[in-house]
Amino acid sequence: MTVRNVPINKGNYSMDSAEREDAFERYRGEGWEADYADYRRKWSEFAKNQIVSEYPLLVDLELASICNLRCPMCYTISDEFKKNVNTTRMDWDLYTRIIDEIGGKVPAIRLSLRGEATLHKRFADCVRYAKDHGIKEVSTLTHGFKLNRDYFAAIADAGIDWITISIDGVGETYEKIRKPIKFDALLQKIKDIKQYKDEHGLHRPVIKIQGIWPAIRENPDLYYETFAPYVDLVAFNPLIDYLGNDTDIEYLDDFSCPQQYQRLVIGADGLVMKCSNDEENREVIGDANKESVHAIWHGEKMNAVRALHKERQGFLKSEVCRRCYLPRLTKDETVEIGGREVIVRNYVDRSQEIGK
């Protein structure tokens with residue numbers, strides 16, 4: 001039997017201590033410990049053993065495919081993205097219909113994908129509706145611009161469980177990338193969130209900070225020490241080929257993608273992508289405006305994706321997969337952060353210069 005290369009959670013790496021990583025996981029599962037452990041076990045097991053569950057373990061719901069920043073490494077600024085993606089906010093009726101179906105059946109949802117989720121005018125309502133309908137973990141990824149104390153209080157009260165904030169570097173490095181956000185103002189918001197959580201005795205939402213490695217590499221200790229006192233976890237991402245510029249790519253042998261056994265990805269307009277890395281809607285497998293989550297998850301198009309990945313190097317037949325970072329070979333770079341050895345898994349023949 002061929003042993004498949006199925007990378008789990010590739011591309012995002014902690015620079016934190018084992019103790020803080022354990023606490024982060026413990027707080028994520030607080031109040032639903034047994035079900036959380038089962039969810040995390042299935043996240044790896046179903047992908048590695050190619051088990052199709054009744055419903056996905058996670059549904060990505062892109063509340064907004066628009067963003068108010070223009071970061072130089074982001075695909076949303078590309079002509080291809082603008083040509084292929086309907087930049088909009090998710091309709092409330094569509095959102096509630098999806099939650100009505102998956103509540104109590106899908107353990108987790110992620111209210112973000114390509115755009116800035118907090119630009120959805122009913123973001124807090126979306127969180128509350130999901131929690132009220134049996135979704136155990138509601139998370140989002142944000143650039144943090146709107147996360148002042150009052151806004152954070154509102155979404156914490158709504159029940160959000162996990163917020164990841166993308167912060168690429170510190171000081172001037174950050175401000176060159178994340179215009180027009182000012183670094184000191186964002187850092188103050190992080191501190192205010194910590195204070196609010198402490199005042200109210202909250203473990204959740206857990207707060208994770210992450211940045212692209214090239215923006216951190218020059219002084220990773222400074223990055224870590226700036227944020228660690230105020231957040232639950234500090235992480236980083238090696239720079240991927242956001243802009244689709246790479247031509248010479250080396251791949252893993254016997255790669256098989258985990259995502260079609262883990263998650264279903266629904267865009268702001270209701271179109272369903274085969275995975276979270278199809279940024280330009282190149283392989284649409286369904287339409288949540290017309291079909292149920294269950295029907296799409298078990299449908300002919302999703303099953304065709306699974307069949308492709310059962311073939312040896314079958315992913316090479318797909319343009320989306322060929323461009324994806326998951327099947328790419330990596331090379332290890334060892335660095336020391338906070339006295340700990342951290343492995344940076346950079347992609348082979350991938351520029352680590354922001355904007356290239």
Side-chain angles (χ1 to χ4, degrees), residues 28-32 35-36 38-40 42-43 46 52-66 86-142 146 151-164 204-206 259-276 278 281 284-299 302:
R28 275 185 66 186
E30 194 172 62
W32 61 301
D35 287 342
Y36 177 74
D38 185 57
Y39 161 52
R40 297 314 300 167
K42 289 175 178 175
W43 186 259
F46 285 6
V52 181
S53 51
E54 189 67 15
Y55 275 87
L57 299 170
L58 169 74
V59 174
D60 297 79
L61 291 167
E62 182 183 54
L63 294 189
S65 54
I66 56 177
N86 179 20
T87 49
T88 187
R89 296 175 177 86
M90 182 170 281
D91 181 78
W92 174 253
D93 289 340
L94 172 61
Y95 178 82
T96 55
R97 182 154 42 80
I98 293 169
I99 296 299
D100 288 346
E101 178 191 355
I102 69 174
K105 300 168 185 171
V106 171
I109 63 171
R110 186 174 188 252
L111 298 180
S112 51
L113 187 64
R114 298 166 293 194
E116 172 53 41
T118 61
L119 295 179
H120 195 286
K121 296 175 182 178
R122 300 191 67 176
F123 183 87
D125 292 336
C126 290
V127 174
R128 180 171 281 106
Y129 195 88
K131 295 300 293 185
D132 287 347
H133 287 75
I135 303 296
K136 297 292 188 180
E137 180 176 85
V138 178
S139 66
T140 196
L141 171 67
T142 176
K146 289 186 69 173
Y151 189 87
F152 177 78
I155 62 176
D157 182 68
I160 195 164
D161 299 290
W162 175 9
I163 301 172
T164 296
R204 287 204 306 271
V206 289
Q259 289 208 13
Q260 65 268 23
Y261 301 101
Q262 295 170 326
R263 65 205 296 182
L264 193 70
V265 181
I266 304 176
D269 57 0
L271 295 182
V272 182
M273 289 144 274
K274 73 167 184 176
C275 69
S276 65
D278 183 7
N281 287 11
V284 172
I285 62 161
D287 185 347
N289 295 291
K290 304 173 183 177
E291 305 166 84
S292 69
V293 167
H294 187 274
I296 297 168
W297 183 243
H298 293 279
M302 184 55 117

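Quick note: residue numbers are just sequence positions, from 1. Not measured: the values here are computed from a predicted model.
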For [X] and [Y], which heavy atoms make the closest approach, and how far apart are they?
X: V138; Y: I135; value: CG2-CG2, 3.9 Å
X: A117; Y: F123; value: O-CD1, 3.5 Å
X: P107; Y: P56; value: CD-O, 4.2 Å
X: G159; Y: V127; value: C-CG1, 3.8 Å
X: M90; Y: H120; value: O-NE2, 2.8 Å
X: Y95; Y: C126; value: OH-O, 2.6 Å

Legend entry - Qualifying residue, where the test is side-chain contact (heavy atoms from CB on, under 4.5 Å) with I266 and the options are V293, L113, I109: V293
Inset, instruction - Before giving the answer on side chain to side chain donor-acceptor pair (under 3.5 Å), spell out for E101 and Y55 the whole-Å C-alpha distance, their side-chain angles and the decisive distance to 0.1 Å. - result: CA-CA 10 Å; E101 178 191 355; Y55 275 87; 3.1 Å; yes
Under the 3.5 angstrom rule, does the side chain of [X] hit a backbone N or O of [Y] as a donor-acceptor pair?
X: D278; Y: V272; answer: no
X: T140; Y: L111; answer: yes
X: R89; Y: K121; answer: no
X: K274; Y: V284; answer: no
X: D161; Y: S139; answer: no
X: R40; Y: G29; answer: no

What is the distance from atom [atom1] of [X] to atom [atom2] of [Y], rounded to the nearest 0.5 Å?
X: L264; Y: S276; atom1: CG; atom2: OG; result: 11.0 Å
X: Y261; Y: M302; atom1: OH; atom2: CE; result: 9.5 Å
X: L119; Y: L63; atom1: CG; atom2: CG; result: 10.0 Å
X: M273; Y: E62; atom1: CE; atom2: CD; result: 5.5 Å
X: I155; Y: T142; atom1: CD1; atom2: OG1; result: 8.0 Å
X: S292; Y: H298; atom1: OG; atom2: NE2; result: 9.0 Å

Taking the side chain as C-beta and beyond, is there a heavy-atom pair between [X] and [Y] under 4.5 Å?
X: W297; Y: S53; value: yes
X: D100; Y: H133; value: yes
X: N289; Y: D91; value: no
X: W162; Y: R28; value: yes
X: I285; Y: E291; value: no

Inset, instruction - Using the side-chain contact (heavy atoms from CB on, under 4.5 Å) rule, take L61 and I99 through it: C-alpha gap first, then chi angles, then the decisive distance, then the call. - result: CA-CA 10 Å; L61 291 167; I99 296 299; 3.9 Å; yes
Inset, instruction - If the plane angle is over 60° it's perpendicular, under 30° parallel, otherwise tilted; pick one for Y39 and W32. - result: parallel
Inset, instruction - Would you mind checking if D38 and K42 are paired as a salt bridge, meaning a charged N to carboxylate O distance below 4.0 Å? - result: yes
Inset, instruction - Considering only NZ, NE, NH1 and NH2 on the basic side and carboxylate oxygens on the acidic side, decide whether R128 and D157 come within less than 4.0 Å. - result: yes
Inset, instruction - Give the C-alpha distance, both sets of side-chain angles, the deciding distance and a yes or no for side-chain contact (heavy atoms from CB on, under 4.5 Å) between L58 and E137. - result: CA-CA 9 Å; L58 169 74; E137 180 176 85; over 6 Å; no
Inset, instruction - For side-chain contact (heavy atoms from CB on, under 4.5 Å), just list the numbers for H294 and K105, CA-CA rounded to whole Å, side-chain angles, deciding distance to a tenth of an Å, and then say yes or no. - result: CA-CA 10 Å; H294 187 274; K105 300 168 185 171; over 6 Å; no
Legend entry - Verdict with reasoning, K146 to E116, per side-chain contact (heavy atoms from CB on, under 4.5 Å): CA-CA 10 Å; K146 289 186 69 173; E116 172 53 41; 6.0 Å; no
